Amino acid sequence: MVAQEIMQHYTVAKSAQILMMFKGGLSQNIVVDLGSLLQNRLGFDVKVRRMFGIFVELAQNVKNYSAETEIATDGTEVGIGILILADSGTHYSVNSGNLVRNADAERLKSQCQHLLSLDKAALKAYHEERIESDPPEGSKGAGLGLIEITMKTGGNVQFDFAPFDEIHTFFSITATVEK
Amino acid sequence: MDSLIINQTSQTPRVVFDAETGSGEIIGVSFPEHANDFYAAVHEWIDQFFVEFPEKSLHVAFNLNYFNTASNKELRLLMKHLDRLYNEEKSVSMTWFHEDGDEDMEDVGKGYSVSLNVPVSVQAV
């Protein structure tokens with residue numbers, strides 16, 4: 001029975017061409033360790049670095065904004081979520097998933113729609129505007145992560161939402177870059 | 001004046017600023033949890049340098065192959081700090097190194113060389 005279950009996980013991971021998957025609390029130390037694992041596995045050439053940049057932004061997004069949290073070993077409260085890195089042969093796809101409060105999901109949806117509506121020049125201008133101003137209310141970073149991911153993928157990013165329970169929505173980001 | 005020396009880690013760059021030679025280097029990757037705290041020491045050192053040695057020159061070399069968005073913002077603040085000093089007639093210059101073929105990093109350096117008054121030399125390595 002156990003082997004059947006593990007084999008299912010294995011088969012899913014294999015058919016989805018998964019290089020790495022992590023589910024849990026994303027403290028800064030875990031983000032750094034996953035980054036090292038990734039570099040050990042793939043090296044750090046310019047293409048990998050572009051993917052790595054997206055990976056770090058997604059990981060730090062989950063850490064800072066997931067509605068599901070735990071206390072990490074360093075004593076800080078960190079977000080819980082899932083990160084999946086897959087290699088299709090020609091592209092890397094970096095995925096993140098975490099819970100958000102239903103009330104925040106609406107705001108997030110309109111923010112994502114806005115990003116996807118911008119062309120390259122408008123994205124660059126928006127990035128410039130944001131980097132020059134104070135971080136948005138409630139932001140724990142520079143408030144630039146989603147803009148940067150949209151820029152780095154050339155718009156090849158999907159923001160998706162699924163109902164989770166009465167108060168939470170599951171928020172996923174799938175970013176794809178050429179290898 | 002003491003040198004500023006911060007050893008490289010897997011999330012922060014190696015930082016070396018030497019008052020005697022009037023040179024600074026920031027080398028490696030940058031994605032610390034609190035980027036503003038990390039770069040605060042560099043801002044302080046630079047201000048102190050020009051208090052103690054107003055007539056000296058300072059050259060700062062940036063040689064980074066990856067930084068996250070929060071570090072990007074902090075690096076920009078550092079660049080602007082150096083630009084302010086240059087505009088106050090301090091002798092300041094910079095070199096922005098990027099790996100040959102890394103267009104993202106090259107673009108960042110070229111952006112600075114266009115938008116700032118302080119001389120920024122963009123060089124492939």
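No hydrogens, no waters, no symmetry mates; every other heavy atom, side chains included, goes into these values. So you know, we letter chains A, B, ... as the sequences are listed, proteins then strands, and number each from 1. Source: prediction; values computed, not measured.
- No other option in B/M105, B/Q11, B/E74 has as many heavy-atom pairs under 4.5 Å with chain A as B/Q11.
- Salt-bridge formation is not detected for the pair B/K73/A/E132: no Lys NZ or Arg NE/NH1/NH2 atom is positioned less than 4.0 Å from an Asp or Glu carboxylate oxygen.
- With values rounded to the nearest 0.5 angstrom, A/I131 atom CD1 is found 4.0 Å from B/R76 atom CZ.
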Practice prompt. I would like to know whether B/F31 and A/F52 meet ring pair (Phe, Tyr, Trp, His ring centres under 6.0 Å); could you show each step before the answer?
Written response: CA-CA 11 Å; B/F31 60 111; A/F52 183 84; 5.7 Å; yes

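- The candidate with the highest count of non-hydrogen atom pairs below 4.5 Å against chain A, out of B/G111, B/A35, B/G101, B/P32, is B/P32.
- At a 4.5 Å heavy-atom cutoff, B/N36 makes no contact with chain A through either its backbone or its side chain.
- Judged by distance alone, the side chain of A/Q60 and the main-chain N or O of B/E33 form no donor-acceptor pair under 3.5 Å.
- Going from atom OG1 of B/T69 over to atom NZ of A/K152 covers 9.0 Å, rounded to the nearest 0.5 Å.
- Note that CZ of A/R50 and OH of B/Y66 are 13.0 Å apart. Values are rounded to the nearest 0.5 Å.
- Counting only heavy atoms from C-beta outward, the side chains of A/H127 and B/N72 approach each other to under 4.5 Å.
- A 6.0 Å sphere centred on NZ of A/K179 holds more than 12 heavy atoms belonging to other residues, nucleotides or ligands.
- Taken together through direct or relayed side-chain contacts under 4.5 Å among Ile, Leu, Val, Met, Phe, Trp and Tyr, A/V94 and A/F170 form parts of separate hydrophobic clusters.
- If you measure heavy-atom distances from A/K47 to chain B, you find no contacts under 4.5 Å at all.
- Atom CD of A/Q4 is surrounded by 12 or fewer heavy atoms from other residues, nucleotides or ligands within 6.0 Å.
- The residue among B/D102, B/V29, B/N65, B/N68 with the most heavy atom pairs within less than 4.5 Å of chain A is B/N65.
- The neighbour count for A/Q17 CD, taken as heavy atoms of other residues, nucleotides or ligands under 6.0 Å away, is above 12.
- Within a 6.0 Å sphere centred on CG of B/D2, other residues, nucleotides and ligands contribute 12 heavy atoms or fewer.
- No path of Ile, Leu, Val, Met, Phe, Trp and Tyr side chains, each step under 4.5 Å between heavy atoms, connects A/I71 with A/I80, placing them in separate hydrophobic clusters.
- Atoms CG and OG, on A/L144 and B/S71 in that order, are 11.0 Å from each other to the nearest 0.5 Å.
- Interatomic distance, B/D104 CG to A/R49 CZ, rounded to the nearest 0.5 Å: 9.0 Å.
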